[in-house]
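I have placed the structure first, in the form of structure tokens, so that the comments after it can refer back to it.
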Amino acid sequence: MKNLMLMAVVLMSVFSCGQNKRPILGETEFQKTINAEYKDASTSPLKDKDRKVFESLEFFKFDSTYVVTAQFKRVENAEWFNMKTTTDRVSKERVYGVLTFELKGETFSLNVYQGQELMTKEGFEDYLFLPFLDETNGLESYGGGRYLDMKTPDSNTVVIDFNSAYNPYCAYNERFSCPVVPRVNYLKTRVEAGVKAFKKH
């Protein structure tokens, strides 16, 4: 009897905690992590009115088809260039390398970029930027394309997980200045993976 009462107390406390703090939604670690970031006022790109009612981003269903192994080829002595953004600002970038991979039986290539400013920031020295466009843009996914994060490879192969593709912050809030995906990184296929387009309130 005592054990049953103890269990009831535990269940009540768990239930009441659950009432106060809703669980972070998501089927994968990436989905839970990004949802937690977007719920948190200190890290969220969402406008206050959107964040206050935010439960979860919309995602394509996880699909292992979109986890691919790419051949990485370093581009030596690439020149810095001004990558356009959604504002008047430009982002100093250079092509760090080229990734070549197969997806649904077709071969594709994407440029991966290194940011001049970001590489000087502590913790981001080995960060690379992999933006891409695909044929879901403007339909199920954000019209301006999506991003993936990478670290500088230590071999000639890289695993790309398109299930971790996310929207630029300006998809949620126009006050952000986001790099515009270079047309060279257009994939002539549907990438049904990652974050979907955001429905603003």
Is the count of non-hydrogen atoms from other residues, nucleotides or ligands lying under 6.0 Å from [X] atom [atom1] greater than 12?
{"X": "E76", "atom1": "CD", "answer": "yes"}
{"X": "K196", "atom1": "NZ", "answer": "yes"}
{"X": "N82", "atom1": "CG", "answer": "yes"}

Quick one: do the D50 and Y172 side chains pair a donor with an acceptor below 3.5 Å? no
Are Y127 and Q114 close enough that a side-chain donor and a side-chain acceptor fall under 3.5 Å? no
A cation-pi test, strictly: NZ or CZ of R183 under 6.0 Å from the centre of the six-membered ring of Y186 and no more than 45 degrees from its axis. Yes or no? yes
Looking at F81, is K92 sitting on its ring face, NZ or CZ under 6.0 Å from the six-membered ring centre and within 45 degrees of the normal?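 No - K92 does not lie over the ring of F81 by the 6.0 Å and 45° rule.
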Flag side-chain contact, heavy atom, 4.5 Å: T100 against V98: yes
Show, in sequence, the C-alpha distance, side-chain angles and deciding distance for D134 and R146, and conclude whether the salt bridge (Lys or Arg N to Asp or Glu O under 4.0 Å) test is met. CA-CA 9 Å; D134 74 275; R146 289 174 290 167; 3.2 Å; yes
Hey, can you tell me if F162 and F101 have their rings parallel, tilted or perpendicular (30° and 60° cut-offs)? tilted
Whether the side chain of N185 engages the backbone of N111 through a donor-acceptor N/O pair (distance < 3.5 Å, no angle test) should be reported. yes
Without swapping roles, check the side chain of T136 against the backbone of E140 for a donor-acceptor pair under 3.5 Å. no
Is it the case that the ring center of F129 lies less than 6.0 angstrom away from the ring center of Y147? yes
Within the 6.0 Å centroid threshold, strictly below: F30 and Y166: no
Working note: S141 + N137, criterion side-chain hydrogen bond (donor to acceptor under 3.5 Å, both in side chains); need CA distance, chi angles, decisive distance, verdict. CA-CA 5 Å; S141 70; N137 297 158; 3.0 Å; yes
